[in-house]
Participant: 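Dumping the structure here so I can ask a few things about it.
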Amino acid sequence: MGVAIRTAGEGDRELIVRLLDEAFQDDPVSGWVFPGAEDRRAKHPGLMAAFTDIVLAAGRIDVMEDGSACALWLSMPADEGHDDLDGDAEDEGPAQVREAVDPDNERIEAIGRLTAAVHPTGRAHEYLWMIGVAPGRQGEGLGTALIEAVLDRCDREGLPAYLEASNARSRKLYERLGFEPAGPALDLPDGPAMWPMWREPRPRRPA
């Protein structure tokens, strides 16, 4: 690939937010959350900023040294669960994101709760929350390089990986990397589908 990957820090926040905003402006799920183009241009960056802040605080963001692509990862423990969904005290994250970004937009909270409800539990795994590639650099293999760097570690450590594909193109990429469907598609109300996908660690080949 020839482009170094590093771990992003607080000083990279604006770069990460801009990358994600540009990469997902035309994504079907972003279009569902913000149906109007003008509204999306105005408020979508705020949602990407909220996601960036969450992962900077609780996970890890890998970024290409030239700023062309980034991947947001969370390490999920085996006991991470959503058993208390009828008591909202356990997970107010989606409501807090909605309040911070656009309090009148119920879909911001809905997307968080819907994806949380289908997220696998019971096994520690790496969760690829989002991956963004600058529009002018898509198709160069940057996303694959970012993901493979973590999947190689997953294979060494015997860890599964999980994600939700938000469009058919990314779904095909993930399938090539060894991800398989993790249950039925998640059909957003009056909107597009998302595909939960799971990857078992691959045994290491002898040298």
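For clarity, every value in this text was computed on a predicted model and none was experimentally measured. This chain uses plain numbering: 1 for the first residue, then up along the sequence.
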Participant: Same cluster or not: are L128 and L159 linked, directly or through other Ile, Leu, Val, Met, Phe, Trp or Tyr residues, by side-chain heavy atoms under 4.5 angstrom apart?
Facilitator: no
Participant: Distance from M48 atom CE to L72 atom CG, nearest 0.5 Å?
Facilitator: 9.5 Å
Participant: Do M76 and R123 make a side-chain contact, defined as non-hydrogen atoms from C-beta onward lying under 4.5 Å apart?
Facilitator: no
Participant: What are the two closest heavy atoms between A69 and V133, and how far apart are they?
Facilitator: CB-CG2, 3.9 Å
Participant: Any chance you could measure M130, atom CE, to I16, atom CD1, to the nearest 0.5 Å?
Facilitator: 11.5 Å
Participant: Walk me through it: do E126 and S75 pass the test side-chain hydrogen bond (donor to acceptor under 3.5 Å, both in side chains)?
Facilitator: CA-CA 5 Å; E126 289 294 314; S75 295; 2.6 Å; yes
Participant: Please check if the number of heavy atoms outside D152 that lie under 6.0 Å from its CG is greater than 12.
Facilitator: yes
Participant: Enter the distance from S170:OG to I147:CD1 here, rounded to the nearest 0.5 Å.
Facilitator: 9.0 Å
Participant: Determine all donor-acceptor pairs shorter than 3.5 Å in which one atom belongs to a side chain in residues 55-63; sequence neighbours excluded.
Facilitator:
unit_1: R60; atom_1: NE; unit_2: D62; atom_2: OD1; d: 3.0
unit_1: R60; atom_1: NH2; unit_2: D62; atom_2: OD2; d: 3.3

Participant: Sort and list the pairs that fulfil ring-ring contact (aromatic ring centres under 6.0 Å, His included) and have at least one residue in residues 51-77, not counting sequence neighbours.
Facilitator: F51-W129
Participant: Do you know which two heavy atoms are closest between P160 and A124, and how far apart they sit?
Facilitator: CD-O, 3.2 Å
Participant: Is there a side-chain contact between L142 and L146 (heavy atoms, below 4.5 Å)?
Facilitator: no
Participant: So, for S30 and H44, which heavy atoms are closest and what is the spacing to 0.1 Å?
Facilitator: OG-NE2, 2.9 Å
Participant: Residues two or more places apart in sequence or in another chain: which of them pass salt bridge (Lys or Arg N to Asp or Glu O under 4.0 Å) with E65?
Facilitator: R6
Participant: Could you check whether any side-chain N or O of T115 sits under 3.5 Å from a backbone N or O of G112, counting only pairs where one atom can act as donor and the other as acceptor?
Facilitator: yes
Participant: Taking the side chain as every heavy atom from C-beta outward, state whether L47 and F24 have any atom pair closer than 4.5 Å.
Facilitator: no
Participant: Could you walk me through whether Q138 and R169 pass the side chain to side chain contact (heavy atoms under 4.5 Å, CB included) test, one step at a time?
Facilitator: CA-CA 11 Å; Q138 293 175 6; R169 179 181 176 184; 3.8 Å; yes
Participant: Taking ring-ring contact (aromatic ring centres under 6.0 Å, His included) as the definition, give me every residue that meets it alongside F34, ordered by chain and number, with sequence neighbours left out.
Facilitator: none
Participant: Within the structure provided, determine whether C70 and L20 are in side-chain contact (heavy-atom separation under 4.5 Å).
Facilitator: yes
Participant: So which heavy atom on A23 is nearest to which on G132, and how close?
Facilitator: CB-CA, 3.8 Å
Participant: Can you tell me which residue pairs pass the salt bridge (charged side-chain N to carboxylate O under 4.0 Å, His left out) test with a partner in residues 35-58, sequence neighbours excluded?
Facilitator: R13-D53, D39-K43, K43-D102
Participant: Output all residues satisfying salt bridge (Lys or Arg N to Asp or Glu O under 4.0 Å) with E175, sequence neighbours left out; order by chain, then residue number.
Facilitator: R171
Participant: Return the CD to OG1 distance between E14 and T52, rounded to the nearest 0.5 Å.
Facilitator: 9.0 Å
Participant: Not counting sequence neighbours, list each pair that qualifies as a ring-ring contact (aromatic ring centres under 6.0 Å, His included) and has a residue in residues 52-72.
Facilitator: none
Participant: Just jot down the side-chain hydrogen bond (donor to acceptor under 3.5 Å, both in side chains) partners of D66, sequence neighbours excluded, or say none.
Facilitator: S68, R137
Participant: Rounded to the nearest 0.5 Å, how far apart are CG of L163 and CD1 of I131?
Facilitator: 9.5 Å
Participant: State which residues pass salt bridge (Lys or Arg N to Asp or Glu O under 4.0 Å) with R107; sequence neighbours excluded, sorted by chain then number.
Facilitator: none
Participant: Working to the nearest 0.5 angstrom, can you tell me the gap between L15 CG and M64 CE?
Facilitator: 12.5 Å
Participant: Do you know the tightest heavy-atom contact between V101 and A50?
Facilitator: CG2-CB, 4.1 Å
Participant: Among residues at least two apart in sequence or on other chains, which ones pass side-chain hydrogen bond (donor to acceptor under 3.5 Å, both in side chains) with E109?
Facilitator: R98, R113
Participant: Let me have the donor-acceptor pairs involving side chains of residues 178-198, under 3.5 Å, with sequence neighbours excluded, atom names and distances please.
Facilitator:
unit_1: W198; atom_1: NE1; unit_2: E200; atom_2: OE2; d: 2.9

Participant: If you look at every heavy atom in D155 and P201, which pair is closest and at what distance?
Facilitator: OD1-CA, 3.5 Å
Participant: Mind checking what makes salt bridge (Lys or Arg N to Asp or Glu O under 4.0 Å) contact with E157, not counting sequence neighbours?
Facilitator: R153
Participant: Would you please indicate if the ring centroids of Y162 and H119 are separated by under 6.0 Å?
Facilitator: yes
Participant: Under the side-chain hydrogen bond (donor to acceptor under 3.5 Å, both in side chains) criterion, do E164 and Y127 qualify, and how do the steps go?
Facilitator: CA-CA 9 Å; E164 299 106 7; Y127 175 30; 2.8 Å; yes
